[in-house]
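Reminder, nothing fancy here: chain letters follow the sequence lines and each chain counts from 1. Remember, predicted model here, so these are calculated numbers, not experimental data.
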Number of protein chains: 2
Amino acid sequence: MFLSKSFGYALRGVLYVALLEPKGNKIKIEQMADKLAVPRHFLAKIMKKMVQEDILTSTKGPYGGFSLSPVTLQTKLLHLVKITDGMEQFNTCVLSLRKCNSKNPCPLHFQMLQIRDGMLAEFSKTSIGDLLDKKNPDFIKSISVI
Amino acid sequence: MFLSKSFGYALRGVLYVALLEPKGNKIKIEQMADKLAVPRHFLAKIMKKMVQEDILTSTKGPYGGFSLSPVTLQTKLLHLVKITDGMEQFNTCVLSLRKCNSKNPCPLHFQMLQIRDGMLAEFSKTSIGDLLDKKNPDFIKSISVI
DNA sequence: TTCAAAAAAGATATTCATGTCTTTTTTAGT
DNA sequence: ACTAAAAAAGACATGAATATCTTTTTTGAA
């Protein structure tokens, strides 16, 4: 409920790169999957999607890996949700009723509208950079072990 | 996201019974599945669960069907969520981190806490009876066609 | 130019929610 | 007792999210 595992992997992945890449070398998927305790190839697919969306950059070959793009830190969480979960959930009735809308509401329409709008607002205003706390020595732990 | 289809079926099912059963006969699964445009046997399983939880009553055999229990209208939506989706989602970290809690928060901990608590509060206070609007001649429509 | 390292891509497997079909149990009326 | 109607139960099918395994492409360095 709320969000998929893929979203969690995406966020932890990009935060990992944002935290460690500035220290030097590019980040390898092997290392990430290890440290984040996440399925390697599944993570790789999600990372690839983020690269396609310019949320990250990547280079192949020796000394390659993932690194920040010019917009990584400004990327809103909602962009990650779009990639991993899609936006449909925010527009579709919780009772799956196609005709449901504010003129013709299902019994839960306005309650769900409020909850979803709250989430939308939060995820629209929060960026990757907002979540990144380099000053906190425990930050890496807070995204690591499942 | 947010809630499963099963939850939607459960809510529409119980509202359907609450709306039509007082008018006379018990409600047959066949009729419900038809009017709600929902998979018959899948709905049957969910109705059975609600009966097991005393949210509804049922009688087998000729002239049987589903009817209200003494507590149907007082049942909170959260009870339906428990049955269909489970409560785990409200207690588990959005990033699937087992160690995440308010002392040791993941980067999204407090944002998600707020959103989930909002939803919990709403679903804890709202009952089936609260959603049932018998005065509204279009109520049946608002839970009918998918 | 060849080699090895790395991401990208593709193929297959597993799990879980959802959906369908069949059989069993219960029960009211004859 | 018998029959038919209805829910309950069980077996099987499908689809989507998640996970694993293999092959291809790219590229830096010797």
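- Residues A:Phe123 and B:Ile115 are in side-chain contact: their nearest non-hydrogen atoms beyond the backbone lie under 4.5 Å apart.
- Near DNA chain D, meaning a heavy atom under 4.0 Å away, there are no residues from residues 20-28 of chain A.
- Straight-line distance from the CD1 atom of A:Ile83 to the C1' atom of D:dA17: 17 Å, rounded to whole Å.
- One axis for each end of the helix from C:dT1-D:dA30 to C:dT30-D:dA1, each built from five base pairs, and the angle between them comes to 10° at 10° resolution.
- The CZ-P distance, from B:Phe7 to C:dT18, rounds to 12 Å in whole Å.
- Side-chain atoms of B:Leu11 and B:Leu131, non-hydrogen and from C-beta on, do get closer than 4.5 Å to each other.
- Rounded to whole Å, the distance from CZ on B:Arg12 to P on C:dT18 is 13 Å.
- Judged by distance alone, the side chain of B:Asp138 and the main-chain N or O of B:Lys141 form no donor-acceptor pair under 3.5 Å.
- In this structure, A:Tyr9 does not reach the D:dT18 phosphate: none of its side-chain N or O atoms is under 4.0 Å from OP1 or OP2.
- Contact of the B:Phe90 side chain with the B:Asp117 side chain is not registered, since no non-hydrogen atoms from C-beta on lie closer than 4.5 Å.
- Contact annotation: B:Ser6 does not reach the phosphate of C:dA17 (side-chain N/O to OP1 or OP2, under 4.0 Å).
- Nucleotides of DNA chain C nearest to B:Thr84 and A:Glu30 differ in position, and the one nearer the 5' end is that of A:Glu30.
- Contact check for A:Phe2 versus A:Asp85: no side-chain heavy atoms found under the 4.5 Å cut-off.
- Atom pair A:Asp85:CG and D:dT18:C1' shows a separation of 13 Å (rounding to whole Å applied).
- Out of D:dA7, D:dT26, C:dA5, the shortest distance to the side chain of A:Pro62 is found at C:dA5.
- Between B:Asp34 atom CG and D:dA6 atom C1' there is a gap of 16 Å when expressed in whole angstrom units.
- For the pair A:Phe2 CZ and D:dA17 C1', the computed distance is 19 Å after rounding to whole Å.
- For the residue pair A:Thr75 / A:Thr72, no side-chain donor-acceptor distance below 3.5 Å is found, with atom types taken as modelled.
- Distance check: A:Leu68 CG to A:Ile55 CD1 gives 12.0 Å after rounding to the nearest 0.5 Å.
- A donor-acceptor contact closer than 3.5 angstrom links the side chains of A:Gln31 and A:Tyr16.
- At whole-Å resolution of the value, NZ in B:Lys5 and P in D:dA17 are 11 Å apart.
- Residues from residues 40-56 of chain A that place a heavy atom under 4.0 Å from any atom of DNA chain D, listed by number: A:His41, A:Phe42, A:Lys45.
- Under the 4.5 Å side-chain criterion, counting only non-hydrogen atoms from C-beta, A:Leu95 is in contact with A:Pro107.
- Not one side-chain nitrogen or oxygen of A:Tyr63 sits closer than 4.0 Å to the OP1 or OP2 atom of C:dA4.
- Side chains of A:Thr57 and A:Ser67: a donor-acceptor N/O pair is present below 3.5 angstrom, by distance only.
- A 4.5 Å side-chain heavy-atom check between B:Leu97 and A:Val145 finds every atom pair outside the cut-off.
- Looking only at distances, no side-chain donor or acceptor of A:Lys49 sits under 3.5 Å from a matching main-chain atom of A:Thr84.
- Between C:dA8 and A:Ser58, a contact under 4.0 Å exists linking OP1 or OP2 to a side-chain N or O.
- Looking at heavy-atom distances under 4.0 Å, A:Gly64 makes contact with sugar-phosphate atoms alone, never a base.
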